[in-house]
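Since the structure comes first, as structure tokens, the remarks are kept for the end.
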Amino acid sequence: LNKYVPQAGNPLKTHTDFKGNIWIATQNGLLVKPKLQDSILKVSFALGEVTDITNDAYGNIWTSSKNSGIYKIPVQSNFPVDVQSIKNYTDKNSNLRSNKTNAIHADGNGKIWIGTREGIIMNLDLVTNELKDVSATFNLIDERIFNITSDEYGHIWISTNKRIVEFNHQNNALKEY
């Protein structure tokens with residue numbers, strides 16, 4: 001990576017968006033390998049250590065970070081990304097309860113799910129822009145959230161350092177594994 005972006009940092013995760021671009025989370029920020037380019041570009045190092053990446057139905061990239069909350073990165077059809085358009089959600093400027101975000105996932109129902117190192121689960125409604133703490137539903141406080149994903153039925157799956165939880169949002173049923 002350093003061949004393309006000096007001081008890129010170690011790669012931690014990758015994510016392929018709907019357009020085929022490869023997003024690379026590093027300990028120093030976010031990189032992208034555009035689908036039609038033979039290079040890797042720096043998006044921003046101001047994001048700090050990026051812990052996870054997802055994209056919503058509108059084409060925006062969302063990242064979680066080790067210590068600075070979550071970021072919404074609007075993606076235009078060309079690169080580089082306009083860093084002035086990046087929006088940061090933190091515990092200071094939004095209802096986000098912790099900046100120590102480990103996992104982020106865009107579901108098929110217009111919500112961004114966020115998990116923290118302290119076991120806090122939140123979701124952001126993309127239509128109303130309402131950020132809600134839904135931790136009480138899951139009772140994962142003091143568990144480290146590692147990953148959030150969803151399946152073909154729209155169920156949310158959360159992995160922690162102690163268990164895996166499946167959540168059916170239609171009837172609020174939880175199943176633990």
Side-chain angles (χ1 to χ4, degrees), residues 9-18 20-30 47-73 75 87-177:
N10 294 331
L12 304 172
K13 290 202 176 187
T14 59
H15 175 78
T16 305
D17 68 19
F18 299 138
N21 303 304
I22 308 290
W23 297 85
I24 306 160
T26 77
Q27 64 196 123
N28 291 338
L30 185 66
L47 281 61
E49 183 173 326
V50 176
T51 55
D52 205 2
I53 310 167
T54 192
N55 58 274
D56 64 27
Y58 304 105
N60 300 303
I61 295 295
W62 292 81
T63 65
S64 56
S65 66
K66 185 175 182 180
N67 292 308
S68 49
I70 63 171
Y71 292 88
K72 175 185 175 185
I73 303 154
V75 179
K87 178 166 174 56
N88 182 213
Y89 294 79
T90 69
D91 60 3
K92 301 280 189 262
N93 69 7
S94 72
N95 290 337
L96 192 66
R97 285 203 35 220
S98 170
N99 288 334
K100 299 174 181 178
T101 55
N102 264 8
I104 193 161
H105 174 71
D107 71 11
N109 297 309
K111 288 192 171 45
I112 301 294
W113 291 81
I114 303 133
T116 73
R117 289 198 301 269
E118 303 94 347
I120 299 167
I121 300 288
M122 301 193 73
N123 66 38
L124 174 66
D125 186 306
L126 293 174
V127 174
T128 64
N129 207 34
E130 182 183 6
L131 185 60
K132 279 204 289 195
D133 184 347
V134 293
S135 301
T137 302
F138 297 95
N139 195 26
L140 301 174
I141 297 301
D142 295 327
E143 294 185 39
R144 184 175 285 228
I145 308 298
F146 288 132
N147 192 43
I148 303 174
T149 193
S150 54
D151 63 21
E152 63 188 282
Y153 305 107
H155 296 185
I156 300 299
W157 291 78
I158 301 170
S159 64
T160 77
N161 59 323
K162 296 182 181 178
R163 57 189 157 158
I164 294 177
V165 176
E166 175 187 9
F167 173 64
N168 180 338
H169 69 90
Q170 294 176 331
N171 62 9
N172 287 337
L174 287 175
K175 184 172 183 179
E176 294 184 14
Y177 298 91

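All residue numbers in this chain count up from 1 along the given sequence.
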Going by the salt bridge (charged side-chain N to carboxylate O under 4.0 Å, His left out) test, which pairs reach into residues 109-119, not counting sequence neighbours? K111-D125
So, [X] side chain and [Y] main chain: donor-acceptor pair closer than 3.5 Å or not?
X	Y	answer
N161	R144	yes
N99	T90	no
D107	G110	yes
N88	I70	yes
H105	S150	yes
S135	I121	yes
T101	G69	yes
T54	W62	no

Taking [atom1] in [X] as the centre, count heavy atoms belonging to other residues, nucleotides or ligands within less than 6.0 Å. Is the count above 12?
X	atom1	value
N168	CG	yes
Y177	OH	yes
K87	NZ	yes

Quick one: does [X]'s side chain get under 4.5 Å of [Y]'s, heavy atoms only?
X	Y	answer
H169	I156	no
V165	T160	no
L124	Y89	yes
L126	N60	no

If you measure from [atom1] on [X] to [atom2] on [Y], what distance do you get to the nearest 0.5 Å?
X	Y	atom1	atom2	result
I145	D52	CD1	CG	12.0 Å
K13	N147	NZ	CG	5.0 Å
T16	I22	OG1	CD1	3.0 Å
I114	N102	CD1	CG	12.5 Å
I104	I148	CD1	CD1	8.5 Å
D133	I120	CG	CD1	6.5 Å

Which atom pair, heavy atoms only, marks the closest approach of [X] to [Y]?
X	Y	answer
D56	F18	O-CE1, 3.2 Å
T116	S98	CG2-CB, 4.0 Å
S64	A103	OG-N, 3.7 Å

In sequence, state the C-alpha distance, the side-chain angles, and the governing distance for T51 and L12, and then conclude on side-chain contact (heavy atoms from CB on, under 4.5 Å). CA-CA 7 Å; T51 55; L12 304 172; 5.8 Å; no
Going by the angle between their ring planes, with limits at 30° and 60°, are F138 and F167 parallel, tilted or perpendicular? perpendicular
Ion pair check, R163 and E176, cut-off under 4.0 Å: yes
Does the side-chain contact (heavy atoms from CB on, under 4.5 Å) test come out yes or no for W113 and V134, once each step is laid out? CA-CA 10 Å; W113 291 81; V134 293; 3.9 Å; yes
Yes or no on side-chain contact (heavy atoms from CB on, under 4.5 Å) for I61 and N21, after CA distance, side-chain angles and deciding distance? CA-CA 11 Å; I61 295 295; N21 303 304; over 6 Å; no
Please walk me through it: do D151 and E166 pass side-chain contact (heavy atoms from CB on, under 4.5 Å)? CA-CA 10 Å; D151 63 21; E166 175 187 9; 4.3 Å; yes
